[in-house]
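Below is one structure; the comments refer to it alone.
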Amino acid sequence: MAGSAGGAEGRWCPPGAASSPDRSAAGPHRSSETMALKQVSSNKCFEGFQKVFEHDSTELKCKMKFGIYLPPKAETGKCPVLYWLSGLTCTEQNFITKAGFQQAAAEHGLIVVAPDTSPRGCNIEGEEESWDFGTGAGFYVDATEEPWKTNYRMYSYVKDELPKLINANFPTDPERMSIFGHSMGGHGALILALKNPGKYKSVSAFAPICNPIQCQWGKKALGGYLGSDASKWEAYDATQLVKSYPDSRLDILIDQGKDDQFLSAGQLLPDNFIAACTERKIPVIFRLQQGYDHSYFFISTFINDHIKHHAKYLNA
């Protein structure tokens, strides 16, 4: 969870600006595909560009936005892609305006993509009623229950639709892709890596929800999106998934603030995940950071370590 992101500073593109292809390497580079994207904003940052785009999602049946940082290297060649998944209540704005990742991404030549956390404006009854379910709380699952199953398909959006869109429109190397996230997004990053062995070169998380079938956030979200049969929830629980992960070649980095209010409230449960990884001999670097909470102040303090963690694998 994070507070309101506020608007991104800088120039906003005039209406209709996306109707003609952006010819620079910092923008969409295949003219036949650019009509699928509308550029919302573009700001130069550490000699690269922090941009936001909007598109019509086929998985989610609504308009979606994503932030994308294009490092200077993207002007001259293909770059690996690092996907960031945000937490409860967030949009694409929180990470790109608060985390301070752009300098490290520029130095390591990484494209960084930050999607929204849920469908928006689907006019589903009840989607605006609570902060931890519905809008801003897609939980990175494919819903199976009415009325959510038509739109709330964030798992397939992040796994399939978004990378296809990014690879079609930007100078990426599709074979070099990693993922990380925060809180609900840390949960999303872990399950995507564990459910798709070999798809991501590396994975990391800040204060992830590690065992959602055992915490109140998870029970509410998974019960609402997947139904009352708790056995179906296990397919989206990192602690359950790691028990059957077929390969030990996945180095996981997790940072957790020791003074995180949601850690003490039993929402995150990292010990359960670490125990499962230890049993399966899956390497995990778990760092309990003294004095840090659940906020973007915590994330921004250690974001460079995570960028380096992923660069080690993406640039190998």
Side-chain angles (χ1 to χ4, degrees), residues 5 8-13 17-18 21-31 33-34 37-55 65-86 92-116 158 162-182 185 189 199-206 253 296 299-316:
E9 294 180 357
R11 178 178 60 84
W12 290 82
C13 293
D22 184 338
R23 297 299 181 186
S24 74
H29 71 294
R30 298 183 188 177
S31 59
E33 299 281 351
T34 54
L37 294 178
K38 177 185 176 182
Q39 183 169 288
V40 176
S41 64
S42 179
N43 301 91
K44 192 167 185 178
C45 186
F46 293 103
E47 302 307 314
F49 288 89
Q50 178 63 62
K51 293 174 177 280
V52 174
F53 287 90
E54 184 179 71
H55 72 105
K65 291 178 182 177
F66 63 86
I68 182 167
Y69 179 71
L70 296 149
K73 189 178 177 182
E75 295 279 357
T76 56
K78 293 185 176 182
C79 299
V81 186
L82 179 54
Y83 288 86
W84 168 268
L85 304 181
S86 288
E92 81 290 339
Q93 286 292 318
N94 297 72
F95 182 66
I96 67 175
T97 58
K98 291 183 175 183
F101 69 91
Q102 288 93 344
Q103 184 172 12
E107 290 172 358
H108 291 284
L110 305 183
I111 291 174
V112 182
V113 177
D116 202 346
V158 173
L162 185 59
K164 183 178 179 181
L165 187 72
I166 297 299
N167 293 336
N169 286 281
F170 300 96
T172 66
D173 179 350
E175 300 301 313
R176 293 187 291 159
M177 177 168 61
S178 289
I179 192 164
F180 66 155
H182 171 228
K199 184 178 181 71
Y200 302 97
K201 297 293 186 185
S202 52
V203 60
S204 74
F206 291 86
L253 170 63
Y296 266 82
I299 293 170
S300 63
T301 301
F302 301 104
I303 193 68
N304 287 359
D305 291 349
H306 286 246
I307 298 291
K308 290 176 184 176
H309 170 78
H310 294 292
K312 179 172 64 176
Y313 295 94
L314 291 170
N315 292 328

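Remark: side-chain polar atoms of N315 are paired, donor with acceptor, to backbone N or O of H108 under 3.5 angstrom. Formation of a donor-acceptor pair under 3.5 Å by the Q102 side chain with backbone atoms of I96 is found in this model.
In this structure, F180 and H309 have side chains that are not in contact, with every pair of non-hydrogen atoms separated by 4.5 Å or more. Counting only heavy atoms from C-beta outward, the side chains of I68 and V81 never approach each other to under 4.5 Å. Taking 4.5 Å as the limit, every side-chain heavy atom of L165 sits out of range of all side-chain heavy atoms of F53. Contact of the I299 side chain with the K98 side chain is not registered, since no non-hydrogen atoms from C-beta on lie closer than 4.5 Å. You'll find the side chain of I303 reaches within 4.5 Å of the side chain of F95, heavy atoms only. Inter-residue side-chain proximity for K201 and H310 is flagged as unmet; no heavy-atom pair is nearer than 4.5 Å. Inter-residue side-chain proximity for Y69 and F46 is flagged as met; some heavy-atom pair is nearer than 4.5 Å. Between P163 and M177 there is a side-chain heavy-atom pair separated by less than 4.5 Å.
Closest heavy-atom contact between C79 and A74: SG-N, 3.7 Å. In plain terms, the two heavy atoms of A189 and V203 that are nearest each other are O-CG2, 3.6 Å. Taking each heavy atom of A106 and P71 in turn, the nearest pair found is CA-CB, 3.9 Å. The two residues P115 and W84 make their nearest non-hydrogen contact at CD-O, 3.1 Å. Counting all heavy atoms, side chain and backbone alike, N304 lies closest to G100 at OD1-O, 4.3 Å.
In this structure, CD on Q103 lies 8.5 Å from SG on C45, to the nearest 0.5 angstrom. Residue L82 holds its CG atom at 6.0 Å from CG of L110, rounded to the nearest 0.5 Å. The distance from atom OG of S41 to atom NZ of K65, rounded to the nearest 0.5 Å, is 8.5 Å. Here the NE2-OG distance, from H306 to S202, works out to 11.0 Å after rounding to the nearest 0.5 Å. In this structure, CG on L253 lies 10.5 Å from CZ on F302, to the nearest 0.5 angstrom. Rounding to the nearest 0.5 Å places CG of D116 at 11.5 Å from CG of L85.
Atom NZ of K199 sits in a crowded spot, with more than 12 heavy atoms from other residues, nucleotides or ligands closer than 6.0 Å.
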side-chain contact (heavy atoms from CB on, under 4.5 Å), that's the test. Do L70 and F170 meet it? Break it down for me. CA-CA 9 Å; L70 296 149; F170 300 96; 3.9 Å; yes

Pair L314, D173 - check side-chain contact (heavy atoms from CB on, under 4.5 Å), show working. CA-CA 10 Å; L314 291 170; D173 179 350; over 6 Å; no

Go through Y83 and I166 one step at a time and tell me if the side-chain contact (heavy atoms from CB on, under 4.5 Å) criterion holds. CA-CA 11 Å; Y83 288 86; I166 297 299; 3.6 Å; yes

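H182 has its ring centre less than 6.0 Å from the ring centre of Y296.
K44 meets the salt bridge (Lys or Arg N to Asp or Glu O under 4.0 Å) test with E47; sequence neighbours excluded.
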